Amino acid sequence: MIDAKLLVEKAYEAQKFSYTPYSNFNVGAALLGTNGKIYLGCNIENAAFTPTNCAERTAFFKAVSEGQKDFLAIAIVGNKADAEETDYCAPCGVCRQVIAEFCDPKTFKIYLAKNKDEFKEYTLEELLPLGFTGKDLD
Ligand code: THU
């Protein structure tokens, strides 16, 4: 059983470390591995813009670089630093593709939260229909 609320809280913890001097848009992600570990990620921007890394990919690359390649769910939160109201923050296309590399489209859960109590649940398949994966290269 996935504790979605805990995962959302962890995403907010991760968001605190966002490095966003250019956009001031802070994103946090908490990725649950099948090993029970939660990998946190934040977005990390760069003056040259393109080296910027999204929160979701930070979490995935941390996990994979530590030997974990199987995952159950991710929670994502994002908002402008000075936002009075917060909204749901969906993963960008590049992050959806990275998620598709490692996760089952039908079972992997993506939780988007706009605060600690309100979140929506999606499968990867809902957010990335007809995805391109390694199977297409067989
Ligand atoms: N960002 C993420 O971290 N994740 C997403 O899926 C959407 C965008 C970041 C990248 C950049 O630092 C800022 O949000 C504005 O695009």
Side-chain angles (χ1 to χ4, degrees):
M1 184 56 186
I2 297 166
D3 188 343
K5 196 167 157 47
L6 172 71
L7 219 49
V8 168
E9 279 167 18
K10 291 287 180 190
Y12 277 109
E13 271 179 36
Q15 188 189 31
K16 290 183 197 145
F17 298 114
S18 289
Y19 175 73
T20 59
Y22 307 104
S23 74
N24 285 317
F25 191 83
N26 299 335
V27 185
L31 174 65
L32 177 63
T34 52
N35 60 352
K37 266 188 80 171
I38 296 173
Y39 299 87
L40 303 184
C42 63
N43 52 337
I44 303 166
E45 297 188 343
N46 189 283
F49 291 3
T50 53
T52 292
N53 206 53
C54 290
E56 300 90 323
R57 278 178 286 143
T58 303
F60 268 91
F61 295 160
K62 279 174 69 181
V64 174
S65 67
E66 291 174 23
Q68 182 62 28
K69 291 195 289 288
D70 298 303
F71 305 100
L72 297 171
I74 191 169
I76 304 163
V77 301
N79 55 266
K80 274 274 192 187
D82 54 0
E84 283 176 21
E85 266 189 56
T86 55
D87 203 351
Y88 298 103
C89 173
C92 78
V94 172
C95 288
R96 292 177 204 210
Q97 186 65 27
V98 169
I99 295 171
E101 183 69 24
F102 297 102
C103 303
D104 185 312
K106 292 196 190 304
T107 60
F108 184 76
K109 301 284 191 309
I110 299 169
Y111 301 105
L112 307 183
K114 67 172 177 178
N115 57 53
K116 283 184 182 165
D117 298 309
E118 286 178 274
F119 59 87
K120 298 194 276 196
E121 176 186 317
Y122 299 91
T123 61
L124 173 59
E125 192 175 49
E126 286 174 305
L127 297 193
L128 188 67
L130 286 177
F132 182 84
T133 69
K135 284 191 191 121
D136 294 297
L137 299 175
D138 288 345

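One-based numbering, in listed order, for ligands and for the atoms of each. Just the heavy atoms: all of them, side chains too, but no hydrogens, waters or symmetry mates, feed the values below. On a predicted model such as this, the values are computed, not experimentally measured, just so you know.
- Summarising the local packing, CZ of Phe17 is surrounded by 12 or fewer heavy atoms from other residues, nucleotides or ligands at distances under 6.0 Å.
- Nearest-residue assignment for atom 9 (C) of ligand 1 (options Thr58, Val94, Asn43; heavy-atom criterion): Asn43.
- Closest protein heavy atom to atom 1 (N) of ligand 1: Cys54 SG, 3.6 Å.
- In terms of protein heavy atoms, atom 3 (O) of ligand 1 is closest to Ala55 N, 3.0 Å.
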Task: Residue pair Ile99, Leu127: steps toward the side-chain contact (heavy atoms from CB on, under 4.5 Å) verdict - done: CA-CA 10 Å; Ile99 295 171; Leu127 297 193; over 6 Å; no

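- Summary of contacts: the protein heavy atom closest to atom 11 (C) of ligand 1 is Glu45 OE2, 3.2 Å.
- With ligand atoms numbered from 1 in the order given, ligand 1 contributes 2 (C), 3 (O), 4 (N), 5 (C), 6 (O) to contacts under 4.0 Å with heavy atoms of Glu56.
- Shown in contact with Phe25 at under 4.0 Å from a heavy atom are these atoms of ligand 1, numbered in order with element: 14 (O).
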TODO: Test side-chain contact (heavy atoms from CB on, under 4.5 Å) on Asp82 and Asn24 and set out the steps.
DONE: CA-CA 8 Å; Asp82 54 0; Asn24 285 317; 5.9 Å; no

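- Note: Leu112 CG to Glu121 CD = 10.5 Å, rounded to the nearest 0.5 Å.
- Thr34 and Gln68 share a donor-acceptor pair across their side chains, judged by distance under 3.5 Å alone.
- Close approach of ligand 1 to Pro91 (heavy-atom distance below 4.0 Å) involves ligand atoms 6 (O).
- Not a single heavy atom of Thr20 lies less than 4.0 angstrom from ligand 1.
- By the criterion of a heavy-atom distance under 4.0 Å, the side chain of Ser23, and not its backbone, is placed next to ligand 1.
- The atoms of ligand 1 that sit less than 4.0 Å from any heavy atom of Cys92 are 5 (C), 6 (O).
- Protein heavy atoms are absent from the 4.0 Å sphere centred on atom 16 (O) of ligand 1.
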Open item on the list: I'd like to know whether Glu56 forms a side-chain contact (heavy atoms from CB on, under 4.5 Å) with Val27, so could you lay out the CA-CA distance, the side-chain angles of the two residues, the decisive distance to 0.1 Å, and finally the verdict.
Closed with: CA-CA 8 Å; Glu56 300 90 323; Val27 185; 4.3 Å; yes

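- Ring to ring, Phe60 and Phe71 are close: their centroids are under 6.0 angstrom apart.
- Heavy-atom neighbours of Lys80 NZ from other residues, nucleotides or ligands within 6.0 Å: above the threshold of 12.
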